[in-house]
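Contents: one structure, followed by commentary.
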2 protein chains.
Amino acid sequence: MLRLSTKGQYGVRAMYEIARGYPERPVNIKEISERQDVSIHYLEQILNKLRRAGLIRSVKGPGGGYLLAKMPEEISISDILLELEGPLAITSCLNPEEGCVRVEICVTHLLWKALGRQIEDFLNTVTLGDLLQGKSFDDFTMLAKSGKGVVV
Amino acid sequence: MLRLSTKGQYGVRAMYEIARGYPERPVNIKEISERQDVSIHYLEQILNKLRRAGLIRSVKGPGGGYLLAKMPEEISISDILLELEGPLAITSCLNPEEGCVRVEICVTHLLWKALGRQIEDFLNTVTLGDLLQGKSFDDFTMLAKSGKGVVV
DNA sequence: AAAATACTTAACTGATTTTGTCAAGTATTT
DNA sequence: AAATACTTGACAAAATCAGTTAAGTATTTT
Ligand code: FES
Ligand code: FES
């Protein structure tokens, strides 16, 4: 139930590796591939999307690789997943591109909407910075929406 | 991203229709099919699973149909989805049946685990009773875990 | 007893999505 | 010029999803 695709998962793990080089050291694909055990070809596909989305930039030539385009604290998990998997839409009814004619009379619409908001709040709150710090996320749950800092 | 299957969605909607007959009136498949616009054959498949799981029971013969096996307040959305879509597992690593050898060294494992907990808390908290009452779920989010009542 | 209603079960199939691979580049530095 | 490294698009096997088909069994009403 509610599975995240490997593309999204690999994407976050790749971004973590790139974040480790922040702000100076370019991290090349081979290094990411080896550390996270994901094929180079598949990573190329993933990193390409993330680059076009402006989350990372690339440096060519020997010694090149990928660099974070922003501070780790400014890149949320949501940012990454959005590019790789499209907008969060628990149901097709909630997908702007699909929509649903039953919305007005549907008894579950608000339920799924609330669940989506719950997930979105969480993913918006957690950033690469949190991953770098090795947080446990135990207390993220209820504080996510408070807007204030999050307990470690 | 993170799509719920139609089976799960239809299942919740079907359970809502059955809940409307609680505690006495059996609701037949045809009525559910018409009100929720889901094929009878597909519903049969879904209701069968829910019956074997003990969430509903069936009454045969003319005037028969399906009845809730418990009070609407005692059946959570999580109960329904669990039967139709299996256990919540954002990633295969979190699925008991699959597992992952990288768990110990993985930088994202705790992240997905926390997200899963977030979702599970929510789905465990909402019941058919809430749907019957037409709640908006606006305030469920942060109060889900408090254990106490939920704001309408 | 017969007919009508209604649930039960298993098998099957087409469509879609996921999860990658392959091939042929382009760009930069040493 | 050679080595390194990113870039892009096409392709395809595998898995999952969504739904149908078909052939029942069980119960009540007349
Ligand atoms: S069926 Fe589309 S909103 Fe419920
Ligand atoms: S790769 Fe399995 S836990 Fe992260």
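Note that the structure is a prediction, hence the values are computed from the model and not measured. First the proteins, then the strands, lettered A, B, ... as listed; each starts at 1.
Whole-Å rounding puts the M1(B) CE to dT18(C) P distance at 12 Å. If you take CZ of R57(B) and P of dT27(D), they are 14 Å apart, rounded to a whole angstrom. Atom CD in E98(A) sits about 16 Å away from atom P in dC17(D), given to the nearest Å. For the pair R3(B) CZ and dT16(C) P, the interatomic distance rounds to 14 Å; values are reported in whole Å. Spacing between atom CG of N48(B) and atom C1' of dG24(D) amounts to 13 Å, rounded to whole angstrom units. For the pair I29(B) CD1 and dC7(C) C1', the computed distance is 7 Å after rounding to whole Å. Atoms NZ (K30(A)) and C1' (dC6(D)) sit 15 Å apart, rounded to a whole Å. Straight-line distance from the CG atom of N28(B) to the P atom of dT27(D): 18 Å, rounded to whole Å.
Side-chain atoms of N95(B) and S92(B) include no donor-acceptor pair closer than 3.5 Å. Residues T127(A) and E73(A) have side chains that never bring a donor and an acceptor to within less than 3.5 angstrom of each other. Side-chain contact of E85(A) with S5(A): a donor-acceptor pair under 3.5 Å is present, judged by distance alone.
Place P62(A) and I40(A) on DNA chain C by their nearest nucleotides, and I40(A) ends up nearer the 5' end. Of the two residues near DNA chain C, G61(A) and H41(B), the one whose nearest nucleotide lies more 5' is H41(B).
L47(B) comes within contact range of no nucleotide atom at all, as no heavy-atom separation falls under 4.0 Å.
D138(A) has a carboxylate O that lies under 4.0 Å from a charged side-chain N of R117(B), or vice versa, which qualifies the two as a salt bridge. Checked for salt-bridge contact, K49(B) and E44(B) miss the test: no charged N lies under 4.0 Å from a carboxylate O.
dA15(D) is paired with dT16(C) under the Watson-Crick or G-U wobble criterion, all donor-acceptor distances under 3.5 Å. Under the Watson-Crick and G-U wobble criteria, each requiring two contacts below 3.5 Å, nucleotide dA6(C) is paired to dT25(D).
Distance from the side chain of S39(B) is smallest for dT20(D) among the nucleotides dT20(D), dT28(D), dA27(C).
Donor-acceptor pairing under 3.5 Å, judged by distance alone, is absent between the side chain of E85(A) and the base of dT18(C). Between the side chain of E44(A) and the base of dT21(C) there is no donor-acceptor pair of N/O atoms closer than 3.5 Å.
Residue S5(B) has no polar side-chain atom (N or O) positioned under 4.0 Å from OP1 or OP2 of dT16(D). Distances shorter than 4.0 Å separate some side-chain N or O of S58(A) from OP1 or OP2 on dT7(D). Distances shorter than 4.0 Å separate none of the side-chain N or O atoms of R51(A) from OP1 or OP2 on dC6(D). A sub-4.0 Å separation between OP1 or OP2 of dT19(C) and a side-chain N or O of T6(A) is present. In this structure, Y10(B) reaches the dG19(D) phosphate: one of its side-chain N or O atoms is under 4.0 Å from OP1 or OP2. Remark: Y42(B) is not in phosphate contact with dT21(D), judged by side-chain N or O atoms under 4.0 Å from OP1 or OP2.
The number of heavy atoms from other shown groups lying within 6.0 Å of NZ (K70(B)) is above 12.
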